[in-house]
Amino acid sequence: MAIYHFSMQVISRGKGQSVVASAAYRSGEKLFNERYDKVSHYQNREVKPETFILKPSHAPAWCLERVRLWNEVEHIEKAKNAQLAREFNVALPIELTNEEQRALLVNFVDKTFVAEGMVADVAIHRDDPQNPHAHVLLTIRPFNEDGSWGAKAKKEYLLDDDGNFTYTKSGAKRSRKITTTNWDDKETLARWRSAWAFYANEHLRLAGHSM
C-alpha cells in the first residue's frame with residue numbers, strides 16, 4: 001500500500017554540517033571535500049543507491065558532476081552559518097516497479113524544482129524493500145541566465161515619498177533584505193507537498209493502481 005511521506009530539512013554549516021559529506025552519504029560515492037581537505041565515504045549500505053542529477057538548462061554543465069557541484073556550493077557560501085542545501089525525503093510507492101519509481105521521481109523533481117531554477121541531486125535507497133525512498137538535495141542559491149551563481153537576496157533601500165534615502169539614527173541608509181526566490185516561503189513548501197501527492201497518485205493511476 002502506498003504510504004505518503006514528504007519531509008524537508010536544510011543542510012547548514014551553522015549546524016556543523018557539510019553538503020559534500022551529505023551528498024557522499026546519500027549517493028554512496030567517495031567525495032573529496034576541498035573546504036575541509038578530507039574524503040567522505042560511507043560504505044555500510046547493502047544496496048548501492050541509484051543516483052542522478054537534474055539541472056536547469058542555463059545552469060553550467062559541471063553541475064552534473066556531484067563532487068564539483070557541492071564543492072562549488074561550499075565555496076560560494078562564505079558565512080559560518082550558511083545554508084548549503086535543502087533536502088527532501090520522499091517515500092516511493094511500493095506498488096510501482098523500480099523503473100516506474102524512477103520515472104515518478106524524474107517527473108516530480110524536474111517539474112517542481114528544476115523548472116524553478118534548482119539543481120537536484122537525487123539518491124534512491126532500496127535497502128529495505130518495504131521502504132524504498134529518495135533523498136533530493138537541492139541548491140539554495142539560484143543561477144543567473146549566464147550560468148554564474150546568483151544572489152540569494154538583495155538589498156532594497158527605503159526611500160521617502162520624494163524618492164530620497166531615509167536614514168537611521170546612526171546615519172546609515174535604511175534598507176531591507178529582499179529574497180530573490182520564494183523557495184523559503186511556507187506557501188511554497190505547501191505547494192511542493194501537494195505536488196508530490198499529485199505526481200505520486202498520477203503515476204500510480206498510469207500504472208493501473210486505483211487510489
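The structure presented is a predicted model; accordingly, all values stated were derived computationally and were not measured.
The two residues T179 and T181 have their closest heavy-atom pair at OG1-O, 3.2 Å. A pairwise comparison of heavy atoms in P132 and I94 identifies CD-CG2, 3.5 Å as the closest pair. Of all the heavy atoms in A21 and Y42, the pair that sits closest is O-CE1, 3.7 Å. When every heavy atom of N144 is checked against every heavy atom of W149, the shortest pair comes out as ND2-O, 3.1 Å. Of all heavy-atom pairs between G28 and P49, the closest is N-CG, 4.3 Å. Looking at every heavy atom in both residues, R141 comes nearest to A151 through NH1-CA, 3.8 Å.
The aromatic rings of F108 and F6 sit perpendicular to each other, their planes meeting at more than 60°, with 30° as the lower class boundary.
Residues D121 and V136 are not in side-chain contact: their nearest non-hydrogen atoms beyond the backbone lie 4.5 Å or more apart. You'll find the side chain of V119 stays beyond 4.5 Å of the side chain of L54, heavy atoms only. Looking at heavy atoms from C-beta onward, I124 lies out of side-chain contact with T51 at the 4.5 angstrom threshold. Counting only heavy atoms from C-beta outward, the side chains of F32 and S40 never approach each other to under 4.5 Å. You'll find the side chain of V39 stays beyond 4.5 Å of the side chain of N33, heavy atoms only. You'll find the side chain of W70 reaches within 4.5 Å of the side chain of L137, heavy atoms only. Using a 4.5 Å heavy-atom threshold, the side chains of T97 and R102 count as separate. A 4.5 Å side-chain heavy-atom check between H75 and E34 finds every atom pair outside the cut-off.
Atom NE2 of H58 has more than 12 heavy atoms from other residues, nucleotides or ligands within 6.0 Å. Applying the 6.0 Å contact sphere to OH of Y25 captures no more than 12 heavy atoms from other residues, nucleotides or ligands.
Applying the salt bridge (Lys or Arg N to Asp or Glu O under 4.0 Å) rule to pairs touching residues 78-92 yields R26-E87, R86-D184, sequence neighbours excluded.
Side chain of D185 to backbone of E187: no donor-acceptor contact under 3.5 angstrom is found. Judged by distance alone, the side chain of D110 and the main-chain N or O of V106 form no donor-acceptor pair under 3.5 Å.
Under a hydrophobic-cluster definition in which Ile, Leu, Val, Met, Phe, Trp and Tyr are linked whenever side-chain heavy atoms come within less than 4.5 Å, directly or via other members, F52 and L92 are assigned to the same cluster. Hydrophobic clustering (ILVMFWY, side-chain heavy atoms < 4.5 Å, transitive): L105 and L96 are in one cluster. When hydrophobic clusters are built by joining Ile, Leu, Val, Met, Phe, Trp and Tyr residues whose side-chain heavy atoms come closer than 4.5 Å, directly or via intermediates, I11 is grouped together with V67. Grouping the Ile, Leu, Val, Met, Phe, Trp and Tyr side chains by contacts below 4.5 angstrom, directly or via other members, places W62 apart from V114. Using a 4.5 Å cut-off between side-chain heavy atoms of Ile, Leu, Val, Met, Phe, Trp and Tyr, with links allowed through other members, I53 and M118 fall into different hydrophobic clusters.
Note that the CD atom of E100 and the CD atom of E95 stand 10.5 Å from one another [nearest 0.5 Å]. From L104, atom CG reaches atom CD of E202 across 10.5 Å, with rounding to the nearest 0.5 Å. Distance CD/E46 to CG/D127: 7.0 Å, rounded to 0.5 Å. In this structure, the separation between CD1 on I76 and CG on L84 is 12.0 Å, given to the nearest 0.5 Å. Distance check, rounded to the nearest 0.5 Å: NE2 of H203 to CZ of R205 gives 10.0 Å. Q17 CD to S22 OG: the interatomic distance, rounded to the nearest 0.5 Å, is 5.5 Å.
Partners of H135 according to the ring pair (Phe, Tyr, Trp, His ring centres under 6.0 Å) rule, which considers only residues two or more places apart in sequence or in another chain, are H125, H133. Legend: residues meeting salt bridge (charged side-chain N to carboxylate O under 4.0 Å, His left out) with R191, ordered by chain and number and at least two apart, are E116.
Here the rule is ring pair (Phe, Tyr, Trp, His ring centres under 6.0 Å) with F113, and of W192, W196, Y199 only W192 fits it. Evaluated for a side chain to side chain donor-acceptor pair (under 3.5 Å) with S18, the options E74, K38, R13, R35 yield exactly one hit, E74.
Salt bridge annotation for E77-K152: present, with a cationic side-chain nitrogen under 4.0 angstrom from a carboxylate oxygen.
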